[in-house]
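These notes concern the structure reproduced below.
Any value given below was found using the heavy atoms of this structure, including those in side chains, with hydrogens, waters and symmetry copies removed. Just so it is clear, the model here is predicted, and its values are computed rather than measured.
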Amino acid sequence: MSPTALRARFAAALSELYGSEVPAYTTLVEVSAEVNADVLASRDDAERFGSIGRVTAERHGAIRLGTTDELAQVARIFGACGMYPVGFYDLREATPAIPVVSTAFRPTARPELDENPFRVFTSLLVVDDRRFFDEGLEAELREFLAARTLFPDELLELADLMEGEHELTSAQADRFLELATAAFALSPEPVDRAWYARLEEVSSVAADIGGVASTHINHLTPRVLDIDDLYARMSARGVEMIDRVQGPPRAEGGRPDVLLRQTSFRALAEPRTFREPDGSLASGDLRVRFGEVEARGVALTPRGRDLYDAQGVDAFPSTDVELDAADLAYYVRAGDGTLQPIVYEDFLPKSAAGIFASNLTGDGSVDGSREGTVRDASWLQDVLGRTLHDPYDLYEAERAATR
């Protein structure tokens with residue numbers, strides 16, 4: 001089995017798992033399919049940003065990790081599926097601030113993206129950032145995180161075998177998928193209520209990462225061709241959505257869609273077992289997981305991002321030809337000379353933080369008088385032990401190949 005096939009099966013297995021854990025996700029997938037079918041039937045350009053087969057299969061997941069060792073290990077697992085780290089995102093600079101830095105694991109070559117563009121937005125807790133964690137809490141967090149094992153040795157060995165040989169036998173692939181899927185399932189292990197509550201005072205995301213002995217899929221995101229229509233349909237079904245669609249406003253007047261738009265239904269109260277301070281067990285619930293959906297447009301160049309960040313989409317010209325001529329967006333040139341948009345395959349820090357924040361139980365606490373710990377792309381690449389790709393470099397190389 002090839003990495004491409006393994007990635008497609010992994011995405012499908014996680015989707016089945018998440019649907020069994022969060023039934024509203026299944027509703028989200030069903031409504032996305034309805035919207036996509038209607039757009040395909042009514043618009044000639046419905047497949048302008050990818051075939052309907054790609055869009056239907058497309059998912060992005062989100063996971064949260066506590067240590068650099070955990071991040072390096074998950075990089076091996078995703079690497080076995082042909083998914084590589086792209087981009088550096090610092091959500092500590094968001095409002096409200098979230099004590100994580102992130103990257104996205106995804107395919108990097110266009111044929112692989114067209115086949116199955118599974119992405120996983122992966123966040124790492126910055127336990128030594130004094131704006132969030134004092135010395136005592138950091139020490140306790142490190143001790144708690146060091147005592148857990150998220151990924152079994154057998155899974156990591158199979159991942160390394162796949163990356164080294166670029167194929168697994170059918171039996172090995174089945175075992176890899178069994179272990180990898182189980183690693184992201186919601187654990188039934190009791191949650192220490194007092195410990196979780198202490199972390200939640202700092203950040204709900206910190207509690208979700210460091211307050212439990214496992215990791216899990218935080219959300220799994222289908223792609224939809226008309227996110228505003230989906231928002232309305234989900235609301236009509238009685239599903240409580242967050243207050244708005246994150247990202248650029250809807251493109252009007254024929255202007256091309258750009259970057260990424262996202263929304264979600266609100267985090268649901270999921271039953272969990274808690275361990276009380278006296279050692280007894282009690283029932284309760286946590287609201288940490290939600291259902292996100294996305295719509296993707298054309299990738300912007302650095303010049304385009306600067307213009308978007310400064311003035312918004314209203315400052316953009318209204319045609320692909322003008323966007324290309326002004327070096328605002330990335331396009332490939334087909335054999336007949338026509339322009340085809342390069343899909344934006346990555347994420348927006350502000351939107352990611354907005355989605356996280358809209359589903360948090362509280363704003364947490366940040367000590368603005370303290371200095372933050374330096375984290376950047378170079379540091380993250382060293383932690384990963386592999387190339388951290390710059391998304392602009394990937395888009396530019398794809399464009400340049402046709403010019």
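Partners of F176 by ring pair (Phe, Tyr, Trp, His ring centres under 6.0 Å), not counting sequence neighbours: none found. D327 pairs by the salt bridge (Lys or Arg N to Asp or Glu O under 4.0 Å) definition with R399, not counting sequence neighbours. Shown here are the side-chain hydrogen bond (donor to acceptor under 3.5 Å, both in side chains) partners of E21, two or more places apart in sequence or in another chain: R289. Shown here are the salt bridge (Lys or Arg N to Asp or Glu O under 4.0 Å) partners of R223, two or more places apart in sequence or in another chain: E58. Applying the side-chain contact (heavy atoms from CB on, under 4.5 Å) test to T319 and every residue at least two apart in sequence or in another chain returns V321, E322. Taking F151 as the reference, F184 meet the ring pair (Phe, Tyr, Trp, His ring centres under 6.0 Å) condition, with sequence neighbours excluded. Checked against ring pair (Phe, Tyr, Trp, His ring centres under 6.0 Å), F132 has no partners two or more places apart in sequence or in another chain. T4 pairs by the side-chain hydrogen bond (donor to acceptor under 3.5 Å, both in side chains) definition with E112, not counting sequence neighbours. Residues meeting the side-chain contact (heavy atoms from CB on, under 4.5 Å) test with S15, sequence neighbours left out: Y25, R59, L220. When the side-chain hydrogen bond (donor to acceptor under 3.5 Å, both in side chains) test is applied to D390, no partner is found at least two apart in sequence or on another chain. For T402, the side-chain contact (heavy atoms from CB on, under 4.5 Å) partners are V332, R333, not counting sequence neighbours. For E93, the side-chain contact (heavy atoms from CB on, under 4.5 Å) partners are D90, R131, not counting sequence neighbours.
For the pair R7 and F118, the cation-pi criterion (under 6.0 Å, within 45° of the ring axis) is not fulfilled.
Distance alone, capped at 3.5 Å, places no donor-acceptor pair between the S280 side chain and the E276 backbone. Judged purely by atom type and a 3.5 angstrom limit, D324 has no side-chain atom pairing as donor or acceptor with the backbone of D320. Distance alone, capped at 3.5 Å, is enough to place a donor-acceptor pair between the Y231 side chain and the I242 backbone. Without hydrogens or angle criteria, R92 side chain to A97 main chain gives no donor-acceptor distance under 3.5 Å. Remark: the backbone N or O of N218 is paired with a side-chain donor or acceptor of Y18 at under 3.5 angstrom. Formation of a donor-acceptor pair under 3.5 Å by the E70 side chain with backbone atoms of G66 is found in this model. A distance-only check finds no donor-acceptor pair linking the side chain of T181 to the backbone of L14 [under 3.5 Å]. Judged purely by atom type and a 3.5 angstrom limit, S20 uses its side chain to pair as donor or acceptor with the backbone of L17. Formation of a donor-acceptor pair under 3.5 Å by the E292 side chain with backbone atoms of T221 is not found in this model. At least one donor-acceptor pair under 3.5 Å links the side chain of T373 to the backbone N or O of D128.
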Can you list the steps and then say if T68 with W379 is a side chain to side chain contact (heavy atoms under 4.5 Å, CB included)?
CA-CA 11 Å; T68 53; W379 175 88; 3.9 Å; yes
Report the C-alpha distance between T169 and R175 in whole Å, list the side-chain angles of each, state the deciding distance to 0.1 Å, and finish with yes or no for side chain to side chain contact (heavy atoms under 4.5 Å, CB included).
CA-CA 10 Å; T169 66; R175 183 59 175 161; over 6 Å; no
Passes side chain to side chain contact (heavy atoms under 4.5 Å, CB included), E270 versus L286? Steps please.
CA-CA 5 Å; E270 296 181 286; L286 292 176; 5.8 Å; no
So E138 and R130, side chain to side chain contact (heavy atoms under 4.5 Å, CB included) or not? Walk me through it.
CA-CA 9 Å; E138 178 197 349; R130 289 291 172 262; 2.5 Å; yes
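Between R261 and P248, the closest side-chain pair of non-hydrogen atoms falls below 4.5 Å. Within the 4.5 Å cutoff, the side chain of V31 has no heavy atoms near those of the V239 side chain. R272 places a side-chain heavy atom less than 4.5 Å from the side chain of F274. Put simply, the side chain of T301 does not reach to within 4.5 Å of the side chain of Y392, judged on heavy atoms. Residues M83 and V74 are not in side-chain contact: their nearest non-hydrogen atoms beyond the backbone lie 4.5 Å or more apart. Side chains of R64 and V205 form a contact here, defined as non-hydrogen atoms less than 4.5 Å apart. By the 4.5 Å heavy-atom criterion applied to side chains, Q172 and E165 are not counted as neighbours. A 4.5 Å side-chain heavy-atom check between D114 and S51 finds every atom pair outside the cut-off.
Summarising the geometry, atom CG belonging to L156 is positioned 12.5 Å from atom CG belonging to L161; distances are rounded to the nearest 0.5 Å. Rounding to the nearest 0.5 Å gives a distance of 12.0 Å between CD of E140 and CZ of F133. Atom CD1 of I98 is separated from atom CG of L125 by 11.5 Å, given to the nearest 0.5 angstrom.
Taking both residues in full, the closest heavy atoms of Y330 and P302 are given as OH-CD, 3.4 Å, listed atom of the first, atom of the second, then distance. Of all heavy-atom pairs spanning P341 and V298, the tightest one is CB-CG2, 3.8 Å. Minimum heavy-atom separation, V313 to P249: CG2-CG, 3.5 Å. Closest approach of A11 to N116, counting heavy atoms only: CB-OD1, 4.4 Å. Between S102 and L380, the shortest heavy-atom contact is O-CD2, 4.2 Å. Closest heavy-atom contact between T103 and Y89: CA-CD1, 4.0 Å.
Screening V224, V293, D243, D228 for a side-chain contact (heavy atoms from CB on, under 4.5 Å) involving T263 leaves a single residue, V293. In summary, of the residues considered (R106, H389, R296), a side chain to side chain donor-acceptor pair (under 3.5 Å) with D346 occurs for R106 alone.
Salt bridge annotation for D134-R370: absent, with no cationic side-chain nitrogen under 4.0 angstrom from a carboxylate oxygen. Taking 4.0 Å as the cut-off between side-chain N and carboxylate O, R148 and E189 do not count as a salt-bridged pair. Of the charged side-chain nitrogens involved, at least one lies within less than 4.0 Å of a carboxylate oxygen, so that E34 and R237 count as a salt-bridged pair. The pair E163-R76 does not meet the salt-bridge criterion, since no charged nitrogen lies less than 4.0 angstrom from a carboxylate oxygen.
Side chain to side chain, D336 and T338 meet the donor-acceptor criterion of an N or O pair below 3.5 Å.
Ring orientation note: the planes of W195 and F144 are tilted relative to one another, at an angle of 30° to 60°. The aromatic rings of F10 and F78 are tilted relative to each other, their planes meeting at an angle between 30° and 60°.
By the 6.0 Å contact criterion, CD on Q73 is enclosed, its count of non-hydrogen atoms from other residues, nucleotides or ligands being greater than 12. Summarising the local packing, CG of D376 is surrounded by more than 12 heavy atoms from other residues, nucleotides or ligands at distances under 6.0 Å.
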